[in-house]
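Below is one structure, written out as structure tokens; comments come after it.
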Amino acid sequence: MTRRKFGLLILGAGIVILLIALLLLFNTNSVWALITLGLSIVINTTGLSVIIAKDPEER
């Protein structure tokens with residue numbers, strides 16, 4: 001699996017978690033909505049950084 005495909009996989013998981021967080025945020029007013037929202041931000045940031053990062057051989 002290439003670095004780009006791995007980053008897209010992580011980004012896809014982050015988007016799914018973001019949708020779950022938004023569903024929780026608008027339907028319930030629980031603390032889990034904020035926890036999943038923070039988790040999705042961390043996962044999406046990780047996925048984007050994996051996609052953007054260059055291989056050491058390319059430098």
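Note that these values count all heavy atoms, side chains included, but never hydrogens, waters or copies made by symmetry. Quick note: residue numbers are just sequence positions, from 1.
By the 4.5 Å heavy-atom criterion applied to side chains, Ile20 and Val16 are counted as neighbours.
Separation of atoms CG (Asn44) and CG (Leu48) is listed at 6.5 Å; rounding is to 0.5 Å. Distance check: Ile10 CD1 to Ile43 CD1 gives 8.5 Å after rounding to the nearest 0.5 Å. The structure places CG of Leu24 at 11.5 Å from CD1 of Ile17, a figure rounded to the nearest 0.5 Å.
Residues Phe26 and Leu18 are members of one and the same hydrophobic cluster, defined by side-chain heavy-atom contacts under 4.5 angstrom among Ile, Leu, Val, Met, Phe, Trp and Tyr.
Partners of Arg3 according to the salt bridge (Lys or Arg N to Asp or Glu O under 4.0 Å) rule, which considers only residues two or more places apart in sequence or in another chain, are Asp55.
Within a 6.0 Å sphere centred on CG of Asn29, other residues, nucleotides and ligands contribute 12 heavy atoms or fewer.
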Identify every side-chain donor-acceptor pair in residues 35-42 under 3.5 Å, counting partners at least two apart or on other chains, and give the distances.
residue : atom : partner : partner atom : Å
Thr36   : OG1  : Trp32   : O            : 2.9
Thr36   : OG1  : Ala33   : O            : 3.0
Ser40   : OG   : Leu37   : O            : 2.8

